[in-house]
Visitor: 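Okay, handing you the structure first.
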4 protein chains.
Amino acid sequence: MFIQLKFDSEVPIYEQIKQQIKIGMAKGTLQPGERLPSVRQLAKDIGINLHTVNKAYQQLRDENFLLIHRQRGVVIHPDGAPKTDEIHKETLKAELAPIIADAFCREMSENDFLSVCYEIFKEMKGGSSDG
Amino acid sequence: MFIQLKFDSEVPIYEQIKQQIKIGMAKGTLQPGERLPSVRQLAKDIGINLHTVNKAYQQLRDENFLLIHRQRGVVIHPDGAPKTDEIHKETLKAELAPIIADAFCREMSENDFLSVCYEIFKEMKGGSSDG
Amino acid sequence: MFIQLKFDSEVPIYEQIKQQIKIGMAKGTLQPGERLPSVRQLAKDIGINLHTVNKAYQQLRDENFLLIHRQRGVVIHPDGAPKTDEIHKETLKAELAPIIADAFCREMSENDFLSVCYEIFKEMKGGSSDG
Amino acid sequence: MFIQLKFDSEVPIYEQIKQQIKIGMAKGTLQPGERLPSVRQLAKDIGINLHTVNKAYQQLRDENFLLIHRQRGVVIHPDGAPKTDEIHKETLKAELAPIIADAFCREMSENDFLSVCYEIFKEMKGGSSDG
DNA sequence: GTGGTCTAGACCACA
DNA sequence: GTGGTCTAGACCACG
C-alpha cells in the first residue's frame with residue numbers, strides 16, 4: 001500500500017493517513033471513483049488499529065473527499081474533491097501565515113519560498129513519472 | 001499586548017502564542033533585542049495559565065528566536081531568528097506538501113496559490129511601515 | 001421501476017426501498033391491489049442483492065402495507081395501509097421531535113416548517129393526477 | 001442530568017444524546033455559552049462509555065451546535081445553532097418526506113399532522129413551564 | 001465480506 | 001482536571 005507513516009511524528013497517525021490519501025489524489029495515484037482498501041485491510045497492512053484508519057476515512061468523507069458506498073466500500077469521490085472557495089482560501093491563509101512568518105524571520109527570500117511551492121506543485125502535476 | 005487567541009481552536013494556546021510572536025517578528029512589530037512581557041504579565045494580560053506562556057517562551061528560546069536573561073527578562077534574539085538552511089527547507093517542504101496537495105485536489109491553480117503566499121509576504125514586508 | 005437509490009446514503013437500502021414504496025403509495029403511483037415486481041425482478045432491475053429487496057418486502061408486509069401471495073406474488077394491500085391510531089401518533093411524535101428541535105434551534109419559524117410539510121403533502125395529494 | 005436514553009432503541013446511543021441536547025437547546029434548558037458535563041462525567045452519569053459521549057459531542061461540534069473550548073470545556077455554541085438555509089431546508093424535506101408519506105398512507109389528515117407539529121413546537125416555545 | 005456501534009482501558013497533551 | 005489518540009476486541013446491520 002501507498003501509505004508511509006512516521007510513528008514518531010507529532011502528527012497523529014489518522015492525520016498522516018488523511019494527508020497521504022490527499023497527496024495520492026493530487027498526484028493522480030488515486031483516481032476518482034477508485035476503491036480504497038477496507039478499514040481492516042489497510043489497518044492490517046500498515047500494522048495499526050482499524051479504528052485509526054476508520055477515523056481518517058470518516059473525516060475525509062466529512063470533507064467530501066471520499067464516499068462510503070454501500071456496495072463498493074470506500075471510494076475516492078467520483079466528482080473529485082470539493083472545489084476551492086472563499087472558505088478554503090481563508091483556511092489556507094490561516095495555515096500558511098505562521099509558516100511563512102517563520103520562513104520570513106529566517107530571512108528566506110520570497111523567491112526561495114515560492115520555488116519550494118513550485119517544486120511541490122510540479123510533483124503533483126507531473127505525477128511520479130518525472131521523479 | 002498584540003496576542004489574539006482562539007480558545008476554541010484545535011491549535012494549542014502555547015502554539016498560537018509562538019505563532020503570533022513569530023508573525024510579530026516577521027511584520028517588524030517586534031524588533032530584535034526588544035523586550036517581551038514577563039511570563040506572569042502576559043499570562044495575566046490574556047487570562048491564561050502561566051505555564052502555557054512559559055512553554056511558548058521556552059520553545060521559542062530552544063528555536064533561538066528568543067533569549068531569556070535572568071535579569072533583563074525575555075527579549076527577541078538580538079541577531080534575529082536563525083537563518084534558513086537545508087534542514088529548515090526540508091521541514092518546510094514536509095509542512096507544505098499536504099497543504100498544497102489539498103489545494104491541488106480542490107483545483108486551486110498554482111497561480112492562485114502563489115498569490116495567496118504573495119499576499120501574506122506583502123503583509124510581512126509592508127507590515128509596520130503602514131501601521 | 002420507480003425506485004431511486006442512493007448507495008452512499010446512511011439510510012440502508014432496504015429502508016430506502018420501503019420509503020420509496022410508501023411514497024409511491026402516498027402519491028397514488030401504486031394503487032391498492034397493484035402488483036409489485038418479484039423480489040428477483042426488482043433486485044435485478046436495481047442491481048442489488050435479492051435479500052435486500054426481500055427484507056424490504058417482508059417488513060412492509062409486517063406493517064400491513066403489502067400482501068405476499070404465494071401465487072399472485074407481492075401486491076399492495078387491497079385495503080390500503082393500516083389507519084393511523086394512537087400508537088402511530090406517538091411514534092410520529094417521537095420521530096418528529098428531534099427534527100423539529102433541530103429546525104427550532106436553527107431559528108426556522110413554525111410557519112416555514114409547516115410550509116415545508118404543506119408542500120410535501122401537496123405533492124402527495126396532487127401526485128399522479130398532474131403527471 | 002437531562003439525558004434520557006432508551007437502550008433498546010434502534011437509534012444509536014450517541015444519536016440519542018445528540019437529539020436530547022438539541023431538544024434541550026430548543027426548549028431553552030440549555031442556553032448558549034452554557035457548559036455541558038465533561039465526556040467522562042456524562043458517561044458516568046448515564047452509565048455508558050466515554051467514547052460514546054465523545055462521539056455525540058464531536059458530531060455536534062462538527063454541526064456547529066457545540067464549541068469545544070480550551071478553557072471552558074464543552075459548551076453550547078455562544079451564537080446558538082447555525083441558522084436555517086437552503087441546504088437545511090432540503091435536508092429537512094428529505095427527512096420529512098418518508099414520514100409524511102407514511103402518515104398519508106395511513107389516512108392521517110394534513111390537519112392532524114400539522115397539529116402534532118404544532119404541539120411539539122409549543123413545547124419548545126413555552127418551555128417546560130406550560131407542560 | 002463490509003462498515004457501524006459500543007465497550008474498556010491505556011497514554012499523552014493541554015491548561 | 002480536561003479532551004485527544006490509539007489499541008483491542010466484541011457484536012451487529014448490511015448486502
Side-chain angles (χ1 to χ4, degrees), chain A residues 5 7 9-17 35-44 46-59 61 66-75, chain B residues 5 7-17 43 46-56, chain C residues 5 7-17 43 46-56 59, chain D residues 5 7 9-17 35-43 46-59 61 66-75:
Chain A
L5 298 180
F7 290 100
S9 165
E10 296 171 4
V11 183
I13 295 178
Y14 77 89
E15 188 64 36
Q16 294 185 47
I17 295 173
R35 189 172 173 184
L36 291 177
S38 76
V39 279
R40 282 174 175 79
Q41 187 60 48
L42 181 52
K44 209 178 91 184
I46 53 188
I48 61 173
N49 191 279
L50 92 175
H51 292 112
T52 307
V53 176
N54 194 46
K55 185 167 186 175
Y57 279 1
Q58 289 295 328
Q59 293 197 1
R61 187 203 55 178
L66 299 185
L67 275 188
I68 297 183
H69 196 281
R70 293 240 165 223
Q71 300 185 304
R72 277 174 265 158
V74 180
V75 299
Chain B
L5 297 181
F7 289 102
D8 58 329
S9 164
E10 298 169 5
V11 182
I13 293 178
Y14 79 90
E15 188 65 36
Q16 293 184 51
I17 295 174
I46 49 187
I48 60 175
N49 194 293
L50 166 155
H51 297 99
T52 308
V53 177
N54 195 49
K55 183 166 185 175
Chain C
L5 298 180
F7 289 102
D8 57 331
S9 164
E10 296 170 6
V11 182
I13 292 178
Y14 79 90
E15 188 66 35
Q16 293 186 49
I17 295 173
I46 50 188
I48 61 174
N49 192 296
L50 166 155
H51 297 100
T52 308
V53 176
N54 194 49
K55 184 166 184 175
Q59 292 196 1
Chain D
L5 298 181
F7 289 100
S9 164
E10 296 171 5
V11 183
I13 295 177
Y14 76 89
E15 188 65 35
Q16 293 185 48
I17 295 173
R35 188 173 173 184
L36 291 176
S38 76
V39 279
R40 281 174 175 78
Q41 188 60 47
L42 182 51
I46 53 187
I48 60 174
N49 190 280
L50 91 174
H51 292 114
T52 307
V53 176
N54 194 46
K55 185 168 185 174
Y57 278 1
Q58 289 295 328
Q59 293 196 0
R61 188 202 54 178
L66 299 184
L67 275 188
I68 297 183
H69 196 282
R70 293 242 164 220
Q71 299 186 305
R72 278 174 264 157
V74 179
V75 299

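Below, all heavy atoms of this structure are taken into account, side chains as well, without hydrogens, waters or symmetry copies. Order of the sequence lines sets the chain letters (A, B, ...), proteins ahead of strands, with each chain counted from 1.
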Visitor: Which is more 5' along DNA chain F, the nucleotide nearest D:Gln41 or the one nearest C:Ile13? Just name the residue.
Guide: D:Gln41

Visitor: Counting only side-chain nitrogens and oxygens, does D:Tyr14 get under 4.0 Å of the OP1 or OP2 atom of E:dT5?
Guide: yes

Visitor: Defining pairs by Watson-Crick or G-U wobble geometry with both distances under 3.5 Å, how would you list the stems of DNA chain E with at least three pairs each?
Guide: E:1-14 with F:1-14

Visitor: Rounded to the Å, how far apart are A:Arg72 CZ and E:dG1 C1'?
Guide: 17 Å

Visitor: Nearest 0.5 Å, please: how far is CD in D:Gln58 from CG in D:Leu66?
Guide: 9.5 Å

Visitor: Once you round to the nearest 0.5 Å, how far does NZ of A:Lys55 lie from CG of A:Asn49?
Guide: 12.0 Å

Visitor: At under 4.0 Å, does any side-chain N or O of B:Asn49 touch on OP1 or OP2 of E:dC14?
Guide: no

Visitor: Answer yes or no: does a side-chain N or O of D:Arg70 lie under 4.0 Å from OP1 or OP2 of E:dC14?
Guide: no

Visitor: Indicate, with a heavy-atom threshold strictly under 4.0 Å, whether D:Ile48 touches base, sugar-phosphate, or nothing.
Guide: sugar-phosphate

Visitor: Using atom types as modelled and distance alone, determine if a side-chain donor or acceptor of A:Arg35 lies under 3.5 Å from a backbone N or O of A:Arg72.
Guide: yes

Visitor: Can you check the D:His69 NE2 to F:dG1 C1' distance for me, whole Å?
Guide: 16 Å

Visitor: At 4.0 Å (heavy atoms only), tell me whether D:Gln58 reaches a base, stays on the sugar-phosphate, or touches nothing.
Guide: sugar-phosphate

Visitor: Give a yes/no answer on whether the side chain of B:Lys55 brings an N or O atom under 4.0 Å of OP1 or OP2 in E:dA15.
Guide: no

Visitor: Can you tell me the distance, in whole Å, between the CD atom of A:Gln59 and the C1' atom of F:dG4?
Guide: 11 Å

Visitor: Once you apply a heavy-atom cut-off of 4.0 Å, does D:Leu50 come out as touching a base, just sugar-phosphate, or nothing?
Guide: nothing

Visitor: I need the D:Tyr57 OH to D:Ile68 CD1 distance, nearest 0.5 Å.
Guide: 9.0 Å

Visitor: For a side-chain contact (heavy atoms from CB on, under 4.5 Å) check, start with the C-alpha distance between A:Leu67 and C:Phe7, then their side-chain angles and the critical distance, and finish with the verdict.
Guide: CA-CA 10 Å; A:Leu67 275 188; C:Phe7 289 102; over 6 Å; no

Visitor: Hey, which sits more toward the 5' end of DNA chain F by its nearest nucleotide, D:His51 or D:Ile68?
Guide: D:Ile68

Visitor: Counting C-beta onward and ignoring hydrogens, is there a side-chain heavy-atom pair between A:Ile13 and A:Leu5 closer than 4.5 Å?
Guide: yes

Visitor: Less than 3.5 Å between a donor and an acceptor, one on the side chain of D:Arg40 and one on the base of F:dG3, is that the case here?
Guide: yes

Visitor: With distance as the sole test, does A:Arg61 use its side chain to make a donor-acceptor pair with the main-chain N or O of A:Ala56 at under 3.5 Å?
Guide: no

Visitor: Quickly work out the D:Glu10 CD to F:dC11 C1' distance and round it to whole Å.
Guide: 16 Å

Visitor: To the nearest Å, how far apart are D:Ile46 CD1 and E:dT7 C1'?
Guide: 14 Å

Visitor: Let me know the distance between CD1 of A:Ile17 and P of F:dT7, rounded to the nearest Å.
Guide: 9 Å

Visitor: Starting at atom CG of B:Asp8, determine the distance to atom C1' of E:dA15, rounded to an integer number of angstrom.
Guide: 15 Å

Visitor: Between F:dG3 and D:Asn54, is there an OP1 or OP2 to side-chain N/O distance shorter than 4.0 Å?
Guide: no

Visitor: Are any side-chain N or O atoms of B:Gln16 and backbone N or O atoms of B:Val11, one a donor and one an acceptor, separated by less than 3.5 Å?
Guide: yes

Visitor: Within this structure, what is the CZ-to-P distance between C:Phe7 and F:dG15, rounded to whole angstrom?
Guide: 9 Å

Visitor: Just to confirm, is there a sub-4.0 Å distance from OP1 or OP2 of F:dT7 to any side-chain nitrogen or oxygen of A:Thr52?
Guide: yes

